[in-house]
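Have a look at the structure below before the remarks.
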Amino acid sequence: MPELPEVETLRRMLDSRVRSRTIVAARRSRSRLHVSSRGGALSALVGRRVERVERRGKYLIFRLDAEHALLSHLGMSGRWLFFDRVPESPMLHVQARLEFSDGTRLWFQDPRRFGQLRVLVGGALARDASLTRLGRDPLDPPLTGSELAALARGVRTSVKVLLLDQRRIAGIGNIYASEILHRARVDPRRRSLLVTRAQWSAVAAEIPAVLNEAIDSLGTTFSMYRTLSGEPGGFGDRLRVYDRAGERCLTCGSVIRRIVQGQRATYYCPHCQSRGGSGS
DNA sequence: ATCCTATCCTGTAGGC
DNA sequence: TGCCTACAGGATAGGA
């Protein structure tokens, strides 16, 4: 579900909601959260104050004090939800519950349990393999064409698969990869080795453009994603190709295609995103 | 090293 | 209506 814009939206809302709040209770509600066992017990959070909430790629980091942090990844279906009091109707798939000293609550819900939640103590945050593996954030500072070309050097996979590689650029997921390539008019099947300098520049320019536009809309709600307050994101209306197979391209009227690359769906316009097409 | 595949899990949409 | 299958925004281990 969540890519950089959704995670950044959550980060901003979480930061304004829970910064400076002190955790008085922290419990896992389910023993088997994916990859969760690598971290310490949630009870280590009790009595600590949230200093700020950060993001790296698609990961959220709740900074507590110099020694303690809570690392969270939403996987495909994770949500953070904030409540002034315990909700009246029971909720399914709540994996963890935090309570603050003023009675407010922060719950982590994750039906598919691909999400991650772990408490990192001491140097564990700096050493965490899933964070050290990450490539650079495409927004800060905005990625440039020459940088992207350098990142792609020696890569033999398609440009779509490259954009999803978190070790090179951290934060782009399946929806925005298709959207970025459509706006840049680059064929997603194109081998990275064969992408021209001008095309890398076009892709690099669209990456921050699309991601920032999506952040402004509070992300894309395809089905599961919700903001901290439970609202859907607004970028779904702005999608030009994702999940639009069989529909018309808004630019040229051609029929949008769906293909599979690396076991994931890719959507593209065969006319706008072809070498000789109206693209570059 | 790099690439590719299978896998983790539940919910939902669509065909029959 | 119900049953069945395919698919879903992700990361990662392990084999080639």
Side-chain angles (χ1 to χ4, degrees), chain A residues 1-11 29-39 55-60 71-80 91-95 108-118 128-135 151-182 188-189 191-193 210-211 214-215 217-227 231-246 258-267:
Chain A
M1 129 184 144
E3 308 181 29
L4 188 153
E6 291 75 38
V7 179
E8 176 60 18
T9 299
L10 268 178
R11 186 202 68 76
S29 341
R30 220 160 149 166
S31 54
R32 209 156 56 91
L33 190 67
H34 194 55
V35 200
S36 62
S37 52
R38 279 192 278 145
R55 178 187 61 76
R56 292 195 207 160
K58 303 174 194 172
Y59 288 83
L60 285 168
L71 179 66
S72 147
H73 193 293
L74 301 169
M76 292 283 249
S77 61
R79 290 176 182 168
W80 279 104
M91 283 178 54
L92 256 36
H93 308 301
V94 178
Q95 312 288 356
F108 185 66
Q109 182 191 37
D110 184 15
R112 291 180 70 181
R113 292 190 280 150
F114 291 167
Q116 304 176 34
L117 195 62
R118 44 184 192 273
D128 190 89
S130 31
L131 294 180
T132 56
R133 263 197 290 267
L134 289 180
L151 283 173
R153 204 161 291 147
V155 175
R156 305 149 70 89
T157 51
S158 67
V159 58
K160 159 68 170 5
V161 169
L162 168 75
L163 290 184
L164 291 179
D165 185 351
Q166 305 299 302
R167 295 166 306 178
R168 295 178 195 277
I169 309 167
I172 300 172
N174 209 36
I175 292 180
Y176 298 109
S178 282
E179 294 298 311
I180 287 162
L181 290 174
H182 180 257
R189 299 165 299 178
R191 297 271 140 192
S192 300
L193 287 169
V210 170
L211 297 179
I215 292 169
S217 301
L218 308 182
T220 303
T221 292
F222 181 64
S223 66
M224 300 294 297
Y225 164 74
R226 292 294 183 282
T227 69
E231 300 297 311
F235 198 70
D237 298 338
R238 318 275 285 272
L239 297 178
R240 300 189 188 172
V241 286
Y242 187 83
D243 200 35
R244 295 193 63 237
R258 177 192 187 275
I259 58 173
V260 174
Q261 296 180 286
Q263 292 128 235
R264 324 230 18 220
T266 300
Y267 299 87

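Numbered from 1 within each chain, the chains take letters A, B, ... in sequence-line order. None of these values were measured; they are calculated from a predicted model.
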Test item: [X] side-chain N/O and [Y] main-chain N/O as donor-acceptor pair under 3.5 Å:
{"X": "S158(A)", "Y": "R189(A)", "result": "no"}
{"X": "Q261(A)", "Y": "P188(A)", "result": "yes"}
{"X": "R168(A)", "Y": "L151(A)", "result": "yes"}

Let me check I have this right: for DNA chain B, each base becomes ., (, ), [, ] or |, based on Watson-Crick or G-U pairs with both distances under 3.5 Å. What is the full string? .|||||||.|||||||
Stacking check F114(A) vs dC8(B) (5.5 Å / 30 deg): yes
Any donor-acceptor N/O pair under 3.5 Å between dA11(C) base and Q166(A) side chain: no
On DNA chain B, does the nearest nucleotide to R168(A) precede the nearest nucleotide to Q263(A) from the 5' side, or the other way round? Give the residue. R168(A)
How is Y242(A) classified with respect to the nucleic acid when contacts are heavy atoms under 4.0 Å: base, sugar-phosphate, or nothing?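 The residue Y242(A) makes sugar-phosphate contact but no base contact.
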Would you classify Y59(A) as touching base, sugar-phosphate or nothing, given that sugar-phosphate means primed atoms plus P, OP1 and OP2, and contacts are heavy atoms under 4.0 Å? sugar-phosphate
Any side-chain donor near an acceptor of the partner, Y59(A) and Q166(A), under 3.5 Å: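 There is no such pair between these side chains.
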As a test of reading the structure: which of [options] is closest to the side chain of [X], going by heavy atoms?
{"X": "R133(A)", "options": "dC8(B), dA8(C), dT12(C)", "result": "dT12(C)"}
{"X": "R113(A)", "options": "dT10(B), dA8(C), dA11(C)", "result": "dT10(B)"}
{"X": "N174(A)", "options": "dC7(C), dA11(C), dG10(C)", "result": "dG10(C)"}

Which ones in residues 151-161 of chain A lie close to DNA chain B, meaning a heavy atom under 4.0 Å from one of its atoms?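 DNA chain B contact set from residues 151-161 of chain A: V155(A), R156(A), T157(A).
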Pairs under 3.5 angstrom, nitrogen or oxygen only, protein versus nucleotides 11-16 of chain B, please.
residue, atom, partner, partner atom, Å
dG11(B), OP1, H93(A), NE2, 2.6

